[in-house]
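Presented below is the structure to which this report refers.
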Amino acid sequence: MKKKLLGLTLSLVTAAVLLGSGVLAFYQSGWNYQEVVMPLEENIEEIRNRISELKGKGEFNLIGQEIKAQSGEILFNVEFSSPLRENIYIEDISGDIYLGENDVGNLHLPEDEVVIEGNETNSFVLKGSLSEDVNTSDFYLGEMSRAEVRNVSTKLEVFGLEFRVEGLGDIR
Amino acid sequence: MLILPFIGPWWRVEVGEALSLVLSPFHYNLTFLGVSFTVPLFRYLLPAIQVLFVLGGAMMIAGSLGRGRWWGEQTVKFGYRKGFWIPVLFVITLLLGPFIFNNFLSETVTEGGVGPASLNVEQLEVPYLVGSSVFKASLENVTVSAPVEMSVTPVFFFALLTAVLSLVTVRYGGSDRTSSQKTLE
């Protein structure tokens with residue numbers, strides 16, 4: 001009898017501690033079911049802010065270019081402003097080089113990786129290869145200062161996540 | 001059992017550096033995009049489980065020392081229920097969660113899209129307890145992929161050892177004289 005009573009008491013202790021903690025949580029949250037099982041409102045608000053930061057697009061700006069006529073290369077000096085607090089690791093950028101409405105070549109990121117520190121602007125070089133007819137034409141080479149980069153795609157890493165973004169827009 | 005609740009998490013999952021969850025029956029830390037989450041229920045429930053576990057440990061020691069006394073068997077059983085079942089239920093939960101997701105929810109998520117923005121989940125197989133996989137999703141012109149890593153910590157093995165020892169103790173340590181004699185007879 002004593003054994004059974006002890007067993008029952010110990011089981012009740014378990015139930016009381018578990019139920020008591022639940023009741024206390026509900027009591028502290030004003031008996032609001034959602035507040036008890038959902039993360040705190042301030043956490044959710046902070047996440048909303050982080051996500052809106054992520055939605056804010058960084059901007060590529062063309063700040064200069066250099067043409068190497070002999071090798072048929074065009075170098076674009078580009079800067080990128082980060083909208084994020086975290087570092088952005090740009091692993092690849094590709095795009096088409098346009099002169100007016102003519103597709104005259106394509107470009108890529110010559111470095112393995114470019115690091116843009118959080119909320120900073122960093123400049124780097126993109127290397128373009130011109131198609132052969134442009135490469136040999138003095139007219140085109142003379143006009144190259146008006147070149148634009150279109151259909152930009154990029155591969156970058158943020159938060160350990162790899163993003164591939166197609167049709168990012170133009171670099172002018 | 002007396003120290004297990006205080007020596008750290010048992011298991012962790014990481015999705016790139018964007019999401020991290022470290023977990024034990026007594027502790028959790030969920031971080032998403034650098035923001036740490038607090039769930040009010042866990043703030044009270046997990047310390048309660050901690051108290052019960054430590055109490056269970058104390059009862060098991062007391063019951064083992066008082067073997068043969070009328071209260072020995074019941075106190076050892078009280079400790080056993082915590083020391084054995086909490087680690088076992090933890091493992092079952094971590095196996096059952098991926099099983100349910102991979103077998104019943106996976107298709108809904110990958111085919112139906114997630115959230116109002118229609119995030120298209122292309123690949124997501126959740127590993128069982130430990131392992132790695134790749135999460136891949138797309139949204140308009142953006143494709144995102146991330147490694148999913150699940151691992152157990154050394155404390156997990158300590159918890160398994162606790163469960164085994166609890167089982168051994170209840171089998172051999174807590175019976176009173178009468179039931180031992182009955183068994184022998």
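Throughout, protein chains are lettered first and strands after them, A, B, ... in sequence-line order, and every chain is numbered starting at 1.
The structure places NZ of A/K155 at 8.5 Å from OG of B/S145, a figure rounded to the nearest 0.5 Å. If you take CD on B/Q74 and OG on A/S11, they are separated by 8.0 Å, rounding to the nearest 0.5 Å. Within the model, atoms CZ of A/F159 and CZ of B/F32 stand 8.5 Å from one another, a figure rounded to the nearest 0.5 Å. Within the model, atoms CG of A/L10 and CE of B/M59 stand 4.5 Å from one another, a figure rounded to the nearest 0.5 Å. Rounding to the nearest 0.5 Å places CD of A/E46 at 10.5 Å from CG of B/L33. Separating the CZ atom in B/F78 from the OG1 atom in A/T9 is a distance of 11.0 Å, to the nearest 0.5 Å.
The hydrophobic cluster containing B/L19 also contains B/Y28, counting ILVMFWY residues as joined when their side-chain heavy atoms lie under 4.5 angstrom apart, directly or transitively. Residues B/L23 and B/V91 are members of one and the same hydrophobic cluster, defined by side-chain heavy-atom contacts under 4.5 angstrom among Ile, Leu, Val, Met, Phe, Trp and Tyr. Hydrophobic clustering (side-chain heavy atoms under 4.5 Å, transitive across Ile, Leu, Val, Met, Phe, Trp, Tyr) groups B/L96 together with B/M150. Note on B/F42 and A/L40: separate hydrophobic clusters, where clusters join Ile, Leu, Val, Met, Phe, Trp and Tyr whose side-chain heavy atoms are under 4.5 Å apart, directly or indirectly.
No part of A/E86 comes within reach of chain B, as not one of its non-hydrogen atoms sits under 4.5 angstrom from that chain. For a residue to count as touching a neighbouring chain, one of its non-hydrogen atoms must lie under 4.5 Å from one of that chain's; by this rule B/L52 touches chain A with the side chain only. Proximity to chain A (any heavy atom under 4.5 Å) is restricted, for B/K82, to the side chain, taken from C-beta onward. Heavy atoms closer than 4.5 Å to chain B are found in the side chain of A/S29, but not in its backbone. Heavy atoms closer than 4.5 Å to chain A are found nowhere in B/L46, neither backbone nor side chain.
Looking only at side-chain heavy atoms (C-beta outward), B/F135 and A/L161 stay at 4.5 Å or farther from each other. A/L18 places a side-chain heavy atom less than 4.5 Å from the side chain of B/I49. Counting heavy atoms from C-beta on, the side chains of A/L6 and B/W70 come closer than 4.5 Å. Taking 4.5 Å as the limit, some side-chain heavy atom of B/L55 sits within range of a side-chain heavy atom of A/V13.
Counting heavy-atom neighbours within 6.0 Å of A/E117 CD, excluding the residue itself, gives a total of 12 or less. Other residues, nucleotides and ligands place no more than 12 heavy atoms under 6.0 Å from the CG atom of A/D112. Within a 6.0 Å sphere centred on CZ of B/F6, other residues, nucleotides and ligands contribute more than 12 heavy atoms. For B/F90, the CZ atom counts as densely surrounded, since its 6.0 Å shell holds more than 12 non-hydrogen atoms of other residues, nucleotides or ligands.
By number of non-hydrogen pairs under 4.5 angstrom with chain A, the leading residue of B/L45, B/T75, B/L41, B/T38 is B/T38. Looking only at heavy-atom pairs under 4.5 Å with chain B, the residue among A/N43, A/V17, A/V158 that has the most is A/N43.
Taking each heavy atom of A/P39 and B/F37 in turn, the nearest pair found is CB-CD2, 3.3 Å.
For A/R48, the salt bridge (Lys or Arg N to Asp or Glu O under 4.0 Å) partners at least two apart in sequence or on another chain are A/E41, A/E45.
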